Amino acid sequence: GAVVSQHPSWVICKSGTSVKIECRSLDFQATTMFWYRQFPKQSLMLMATSNEGSKATYEQGVEKDKFLINHASLTLSTLTVTSAHPEDSSFYICSARERENGAPQHFGDGTRLSIL
Amino acid sequence: AQSVTQLGSHVSVSEGALVLLRCNYSSSVPPYLFWYVQYPNQGLQLLLKYTSAATLVKGINGFEAEFKKSETSFHLTKPSAHMSDAAEYFCAVKTSYDKVIFGPGTSLSVIP
């Protein structure tokens, strides 16, 4: 149980393109989803917390207008990288948490974004 | 503020040897603690979690971790390493703001 699906797994696109990444909880309802960015050989950096039906909460230093997050349902959150540039190239990972207190986060398989 | 440290960015063990990955945390409240494993180009998979029940927690793939409050530690162990255990391991603590903070990670290599 507790499967999180992230799509696409790999994206290569030109600079200036906007890219949408989807994160779905397949067998549970996730009121909260999280978006992380991971640089090579480094740990995960939390970008934002996405709550169903409300605005996302962004971490300090993360551009809200660059990384648009929408959490329209209890099973889907999307991250859109707007007008992507090479410095946005990275590994993006989403996670979803069940409602119970202390429940762990379940992670998607990540999206490798490469901007040319 | 909560934080997580992992001693040793890289650990190498022989196949069949004991695996010990260290994690220390700081938390002003009783913590929720987790160990995750990450294989190349993949997301994170939960190995085990501590949520204030038993101090010795058993997880998947033969891993276990012991919560020691006096040492603020949550070290991960496995009696006998397997080649398939080679991966990146992250210790994490859930904060009072309901976020999870990850340690810097430990890369485990298993030598045949």
Side-chain angles (χ1 to χ4, degrees), chain A residues 1-11 21 23-26 28 30-51 56-60 62 90-114, chain B residues 1-10 21 23 25 27 29-54 57 59-60 63 65 67 74 87-109:
Chain A
V3 177
V4 175
S5 174
Q6 189 172 339
H7 178 82
S9 58
W10 199 294
V11 179
I21 303 170
C23 181
R24 295 179 184 271
S25 57
L26 297 186
F28 66 99
T31 53
T32 305
M33 291 185 173
F34 303 87
W35 288 96
Y36 295 86
R37 184 171 181 176
Q38 187 179 31
F39 293 100
K41 305 294 185 183
Q42 294 188 27
S43 189
L44 281 72
M45 180 189 76
L46 179 64
M47 298 174 65
T49 301
S50 170
N51 293 297
T57 303
Y58 290 81
E59 294 301 300
Q60 190 173 11
V62 178
S90 191
F91 193 55
Y92 293 88
I93 308 176
C94 74
S95 70
R97 185 174 58 82
E98 298 172 80
R99 297 186 188 215
E100 68 176 271
N101 194 29
Q105 295 180 24
H106 302 285
F107 287 81
D109 281 339
T111 297
R112 175 73 59 193
L113 176 61
S114 297
Chain B
Q2 288 94 339
S3 66
V4 179
T5 57
Q6 292 181 240
L7 184 62
S9 59
H10 189 89
L21 304 181
C23 172
Y25 70 92
S27 177
V29 297
Y32 291 108
L33 296 160
F34 310 91
W35 273 101
Y36 288 90
V37 61
Q38 184 180 33
Y39 297 99
N41 294 310
Q42 294 187 25
L44 276 68
Q45 181 182 9
L46 179 69
L47 283 176
L48 49 80
K49 64 177 181 179
Y50 168 77
T51 57
S52 76
V57 182
I60 63 172
F63 284 95
F67 172 71
F74 190 57
E88 190 82 17
Y89 291 80
F90 293 97
C91 182
V93 62
K94 177 175 171 289
T95 75
S96 52
Y97 295 100
D98 209 28
K99 300 175 186 177
V100 172
I101 295 176
F102 289 87
T106 297
S107 177
L108 175 66
S109 297

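Values in this document were obtained by computation on a predicted structure and should not be read as measured data. The chains referred to below are lettered A, B, ... by the order of the sequence lines, with proteins before strands, and numbering in each begins at 1.
Pairing each heavy atom of B:Glu88 with each of B:Pro104, the nearest pair is OE2-O, 4.3 Å.
In terms of non-hydrogen atom pairs under 4.5 Å with chain B, the most contact-rich of A:Phe34, A:Trp10, A:Phe91 is A:Phe91.
Heavy atoms closer than 4.5 Å to chain A are found in the side chain of B:Tyr36, but not in its backbone. Of the atoms belonging to A:Gln105, heavy atoms from both backbone and side chain fall under 4.5 Å from chain B. For chain A, no part of B:Gln45 is nearby; none of its heavy atoms comes within less than 4.5 Å. Using a 4.5 Å cut-off between heavy atoms, A:Gln38 contacts chain B through its side chain alone, with no backbone atom that close. Only the side chain of B:Leu46 comes within contact range of chain A, with at least one heavy atom under 4.5 Å from a heavy atom of that chain.
Rounded to the nearest 0.5 angstrom, B:Gln6 CD and B:Tyr89 OH are separated by 12.0 Å.
Counting heavy atoms from C-beta outward, A:Cys23 and A:Val4 have side chains that approach closer than 4.5 Å.
Two rings, from A:Tyr36 and B:Phe90, have their centers 6.0 Å or more apart.
Checked against B:Phe74 for a side-chain contact (heavy atoms from CB on, under 4.5 Å), the options B:Leu48, B:Val4, B:Leu21 give a single hit: B:Leu48.
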